[in-house]
Amino acid sequence: MSRYQIDETKVDKAREKGKKLTEQMEEEGIVMLENKQEALPLEQGRVNVFGYGSSAPVYGGSGSGGGKELDNVTLEQGLKHAGLKANPDLVKFYKDRYVPREKVNIHKLVGGDFNSHEPKTSDYSQKLMNQAKQYSNTALVVFSRNSGEGADITTDMKNYTGGSKGKHYLELTNNEEAMLDMVKQNFQKVVVVLNSSYPMELGFLKDDKVSAALWIGNPGSTGFDAVGKVLTGDANPSGRLVDTYAYDATSAPSYFNIGEFPYKNSTFKDGDNTWHYKYIDYAEGIYVGYRYYETRYVNNQTGKMDEAAYRKAVQYPFGYGLSYTKFKQEISEYKAGKKTIKMRVKVTNEGTKSGKDVVQAYYTPTYTIGGIEKSHVVLADFTKTKNLKPGESEQVTLKVNVEDMASYDDTEAKAYVLEKGNYDIKLMNNAHDVIEQKNYQVPETLVYDQKNKRKSDQKVAKNEFDDARGDVKYVSRANWDKTLPKEMAKPKKAPEKMLRELKSFAVKPDKHAKPIKFKDHGLSLYDMKGLTYEDPKWDKLLEQLSVKDMKNLISFGGFQTVAVNSIKKPATIESDGPAGINQLVSGAQGNQYASEVVMASTWNQKLAEQVGKSLAVEAKASNITGLYLPGVNIHRSPFGGRNFEYYSEDPLLSGNIGKQLAVGAQKKGSYTFMKHFAMYDEETKRYEFPTGAATWSTEQSMREVYLKPFEIAVKQGHITGIMSSYNRLGTKWVGVSKNLLQSVLRDEWGFRGTVITDYYKPQYMNIDEALAMGNDLVLYILPIKLQKETLETDWGQQNMRKASHNILYTVVNSHAYDVAEKHIPMWVILYMLGDLVILGFTGYMMYRLTDSKKIQRKKEAKLKL
């Protein structure tokens with residue numbers, strides 16, 4: 001058999017296992033938001049299904065996190081499998097009005113299709129409605145929302161089909177509102193199904209005529225089978241929200257700083273186009289998601305919550321979810337030491353149905369007005385029970401490391417600080433509702449400095465990002481009114497020094513670097529398998545690499561690593577795949593798993609590991625070794641277009657679920673590239689600007705919120721791959737941030753492995769300088785050119801050797817030899833030997849990536865200078 005052939009039997013077998021796991025993901029991830037008078041579960045039989053989304057559901061997002069949807073289980077099929085028969089006349093009504101979504105290809109990643117094709121109520125004939133009322137007194141109403149890679153969710157629907165001026169995409173459209181009103185007037189039982197990975201505004205669910213509501217996210221290939229089971233009670237919903245659901249999505253303090261705002265004096269030409277450098281202010285600081293909403297309404301002096309104000313703002317707290325049964329949680333044992341706090345929790349099913357429960361621990365730190373910024377509650381640990389039968393109990397353990405309650409003081413101590421005072425350790429139903437709490441006293445303030453390093457750090461954490469703070473007014477709980485942003489960020493003028501830094505493409509060789517040695521020691525890469533990164537044997541192996549070997553290894557890294565004959569390294573193939581194998585170049589696709597938001601909503605770390613294993617097994621069957629996953633960026637805003645591909649607004653939840661998925665993949669031999677490192681939490685006009693946005697933030701918010709998921713995965717999961725992001729920290733592209741990629745990632749956290757770029761943008765990605773700063777591999781379909789400063793100097797060759805070490809360490813500790821490709825993968829050869837016109841066009845399109853989708857998208861995104 002040719003080495004390029006794939007055993008389709010193995011692929012099909014792996015894919016089938018993935019489908020079963022997708023159904024389990026969805027079953028455990030579904031969140032029941034409302035169940036008035038126990039309207040659910042439904043009896044098997046007839047049901048009316050309303051809503052355009054019922055025939056055009058959103059299975060997942062677009063772009064690298066997309067997937068093949070042709071053979072997915074539909075909602076109608078999922079209902080049928082559960083014993084529910086959808087009204088065929090309504091099914092036909094929506095199918096007759098189906099409009100295909102705008103297709104998104106790898107050259108035009110421009111987010112979602114925000115057009116709404118919900119029919120007008122006048123389209124529903126009286127005959128159809130009379131027939132529906134006779135068919136069943138129960139109606140399901142489906143609302144779907146989609147988005148994807150390349151653009152954030154629109155905040156004004158005026159230029160979209162079915163949209164209205166002043167309404168954003170996370171609100172119901174006028175037609176949707178009218179349809180829901182019509183359904184409420186005609187049916188006794190109304191159940192809303194929310195097919196959205198984005199937190200919609202859901203005030204309409206409080207209406208007594210809405211009987212129940214399920215959030216289902218993006219269900220992937222087989223998730224609708226789980227939806228049917230939950231609706232009929234064959235499965236008990238056990239998911240919990242991973243985002244705060246506010247009545248007004250625009251109330252998030254990040255709202256006025258979502259977008260890429262230009263420096264109006266930074267005009268420059270690129271090809272035929274004129275551009276501006278741009279900026280993003282993370283002005284909200286640490287107050288993201290529940291960290292804002294659970295703190296905003298607390299009296300700083302008394303610590304008391306203004307419940308009325310809170311309830312007016314927040315509909316469903318982070319961590320919220322209902323069940324068909326009733327659980328009781330109680331602290332059965334509490335042990336508090338100087339380094340660790342352990343809490344045993346007894347969970348008892350006091351209801352009449354079997355089910356699982358989520359156990360959540362939070363802490364409330366001591367706070368001084370005007371001192372270090374602190375959230376009123378912070379998630380500290382979580383777990384999920386086994387399936388408990390009625391009357392059955394389980395003891396679970398939650399753990400809090402005392403040093404993890406320290407806050408990062410980036411202005412005074414410039415270190416992590418655990419302040420003297422009282423810390424409440426809370427067992428909670430969600431981020432707002434306390435079940436039981438204990439008191440923990442810190443007798444003296446602890447500063448984790450050179451004399452007192454945190455146990456989890458390899459090197460003391462200190463300020464590394466002062467130059468990314470910028471001239472920004474950051475939100476403070478000491479004075480909300482004066483610090484909360486009140487209007488959209490505007491174009492502004494950049495100082496000349498900043499402009500020089502933004503435009504800099506300097507390469508700064510170290511003239512004192514020592515020459516590297518070359519010698520054949522007769523070693524192969526396989527001899528390194530299982531050795532530590534620091535093992536001296538690596539030095540000998542690396543001496544066998546020529547400059548050409550290293551250049552090829554580093555510069556030809558698009559969805560692969562090349563074979564290196566001098567050390568008998570096989571070629572490897574890599575693929576996107578947060579939601580399943582999605583090889584954007586070769587077209588290989590696997591099972592479409594439920595979205596990462598659904599995965600996080602299970603709150604089940606063991607299940608996440610199973611999903612990681614399943615992804616790796618499927619990858620191996622397709623001769624794929626490396627996976628560009630998982631995405632652990634933060635849901636900084638409800639409008640983040642790529643939120644479907646990221647887990648949560650909380651870094652601990654994101655880090656632990658992402659870590660376990662990566663660990664599962666690693667256990668089955670894949671290496672993963674966790675993405676996107678770092679401070680990359682939006683998509684607006686990402687491809688249309690060849691600049692990289694200057695991101696401004698406090699180091700506290702970086703360390704406590706945005707870097708935390710990566711830190712967890714590196715320290716606890718020992719991942720061997722990271723993908724750097726498109727943006728800048730301050731004025732520096734992250735790929736040339738030595739503070740990020742060396743000081744923090746490697747020296748402080750102990751990372752050993754490869755940092756790969758996101759898809760190469762030559763306009764500002766300075767790869768020669770990046771090699772010196774810790775970015776090792778370049779993701780690009782064609783080999784990039786390295787400068788003579790890299791190829792012909794001792795400094796450059798030292799950088800190449802270090803990068804080669806990192807890449808080889810990652811590859812050898814994988815199943816690369818089990819699916820060994822001794823040569824360049826066939827799809828690369830075909831690209832190189834194919835029609836030059838096609839190749840040139842492909843290269844040009846991948847280089848530019850600037851096309852817009854529609855004239856309304858252009859109008860919406862137009863710079864307001």
Side-chain angles (χ1 to χ4, degrees), residues 22-36 38-41 53 57-58 75 78 140-145 170 191-206 210-220 223-224 226-233 235-247 249 289-290 314-327 353 355-360 379 382 384-385 428-433 594-604 607-608 635 638 643-644 646-650 653-654 657:
T22 302
E23 183 179 343
Q24 184 181 352
M25 288 172 68
E26 182 66 25
E27 181 180 314
E28 290 204 30
I30 290 173
V31 182
M32 185 159 67
L33 299 174
E34 299 283 350
N35 195 21
K36 299 162 189 171
E38 297 184 347
L40 292 177
V58 181
L75 173 60
L140 301 182
V141 181
V142 180
F143 295 121
S144 298
R145 293 294 184 271
L170 300 182
V191 179
V192 172
V193 177
L194 299 162
N195 172 214
S196 169
S197 283
Y198 306 89
M200 296 173 64
E201 290 185 5
L202 302 177
F204 59 88
L205 295 182
K206 292 303 181 182
V210 174
S211 311
L214 294 179
W215 176 91
I216 67 168
N218 300 139
F224 274 123
V227 173
K229 289 180 178 179
V230 168
L231 283 168
T232 59
N236 194 344
S238 60
R240 300 292 182 267
L241 293 179
V242 298
D243 294 295
T244 303
Y245 276 58
Y247 283 105
Y290 75 83
V314 176
Q315 185 170 5
Y316 302 115
F318 171 86
Y320 170 89
L322 303 177
S323 171
Y324 288 146
T325 193
K326 182 181 179 182
F327 292 101
K353 295 181 181 293
K356 296 183 178 183
D357 200 16
V358 174
V359 187
Q360 306 172 47
L379 183 66
F382 64 92
K384 195 165 195 175
T385 69
M428 302 181 74
N429 269 324
N430 48 65
H432 189 73
D433 299 316
S595 64
E596 287 198 337
V597 181
V598 173
M599 181 69 259
S601 299
T602 70
W603 292 64
N604 189 334
L607 180 58
H635 296 176
N643 283 358
F644 79 95
Y646 305 138
Y647 292 112
S648 170
E649 68 185 24
D650 179 72
L653 179 60
S654 300
I657 296 293

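One-based numbering along the sequence shown. Note that the structure is predicted; figures quoted are calculated from it, not measured.
Inter-residue side-chain proximity for F382 and L653 is flagged as met; some heavy-atom pair is nearer than 4.5 Å. The shortest distance between side-chain heavy atoms of I216 and V193 falls below 4.5 Å. Contact of the V314 side chain with the H432 side chain is not registered, since no non-hydrogen atoms from C-beta on lie closer than 4.5 Å. The shortest distance between side-chain heavy atoms of I657 and Y647 falls below 4.5 Å. Between V242 and D650, the closest side-chain pair of non-hydrogen atoms is not below 4.5 Å. In this structure, the side chains of N604 and V358 stay at 4.5 Å or more apart for every pair of heavy atoms. You'll find the side chain of I30 reaches within 4.5 Å of the side chain of E26, heavy atoms only. Taking the side chain as every heavy atom from C-beta outward, L33 and L214 never approach each other to under 4.5 Å.
Going from atom CG of L170 over to atom OG of S196 covers 6.5 Å, rounded to the nearest 0.5 Å. To the nearest 0.5 Å, atoms CG (L194) and CG (L202) are separated by 5.5 Å.
Minimum heavy-atom separation, V230 to E27: CG2-O, 4.5 Å. Here the shortest heavy-atom pairing between A594 and M25 reads O-CE, 3.6 Å. The two residues G355 and N236 make their nearest non-hydrogen contact at CA-ND2, 3.8 Å. Contact between A39 and A212 at its shortest, heavy atoms only, is CB-CB, 4.3 Å. Summarising the geometry of A249 relative to P638, their closest heavy-atom pair is O-CG, 4.0 Å, with the distance given to 0.1 Å. Scanning both residues, Y290 and E649, for their nearest heavy atoms gives N-OE2, 2.9 Å.
Between the side chain of T602 and the backbone N or O of G29, no donor-acceptor pair lies under 3.5 Å. Proximity of a side-chain donor or acceptor of Q360 to a complementary backbone N or O of M428 within less than 3.5 Å is not detected. Looking only at distances, no side-chain donor or acceptor of N35 sits under 3.5 Å from a matching main-chain atom of A213. In terms of modelled atom types and a separation under 3.5 Å, the side chain of H635 and the main chain of Y646 share a donor-acceptor contact. Put simply, the side chain of T244 never gets that close to the backbone of A246: no donor and acceptor are under 3.5 Å apart. Distance alone, capped at 3.5 Å, is enough to place a donor-acceptor pair between the W603 side chain and the R240 backbone. No donor-acceptor distance shorter than 3.5 angstrom exists from the side chain of Y324 to the backbone of E38, with no hydrogens or angles considered.
In this model, no donor atom of one side chain and acceptor atom of the other lie less than 3.5 Å apart for D357 and T385. Defined by atom type and a distance below 3.5 Å, a donor-acceptor pair is present between the side-chain atoms of Y316 and E34. Judged purely by distance below 3.5 Å, without hydrogens or angles, the side chains of K384 and S238 pair a donor atom with an acceptor atom. Between the side chains of W215 and Y245, at least one donor N or O sits under 3.5 Å from an acceptor N or O.
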Check your understanding: Yes or no on ring-ring contact (aromatic ring centres under 6.0 Å, His included) for F204 and F143, after CA distance, side-chain angles and deciding distance?
Key -> CA-CA 12 Å; F204 59 88; F143 295 121; 5.8 Å; yes
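Under a cut-off of 6.0 angstrom, the local environment of NZ in K229 is sparse, with at most 12 non-hydrogen atoms contributed by other residues, nucleotides or ligands. Surrounding NZ of K206 are more than 12 heavy atoms belonging to other residues, nucleotides or ligands, all under 6.0 Å away.
Residues satisfying the side-chain contact (heavy atoms from CB on, under 4.5 Å) criterion with T232, sequence neighbours excluded, are Q44, A82, L84, D234. With sequence neighbours left out, the side-chain hydrogen bond (donor to acceptor under 3.5 Å, both in side chains) criterion links K36 to no other residue. By the salt bridge (charged side-chain N to carboxylate O under 4.0 Å, His left out) test, E201 pairs with no residue at all, sequence neighbours left out.
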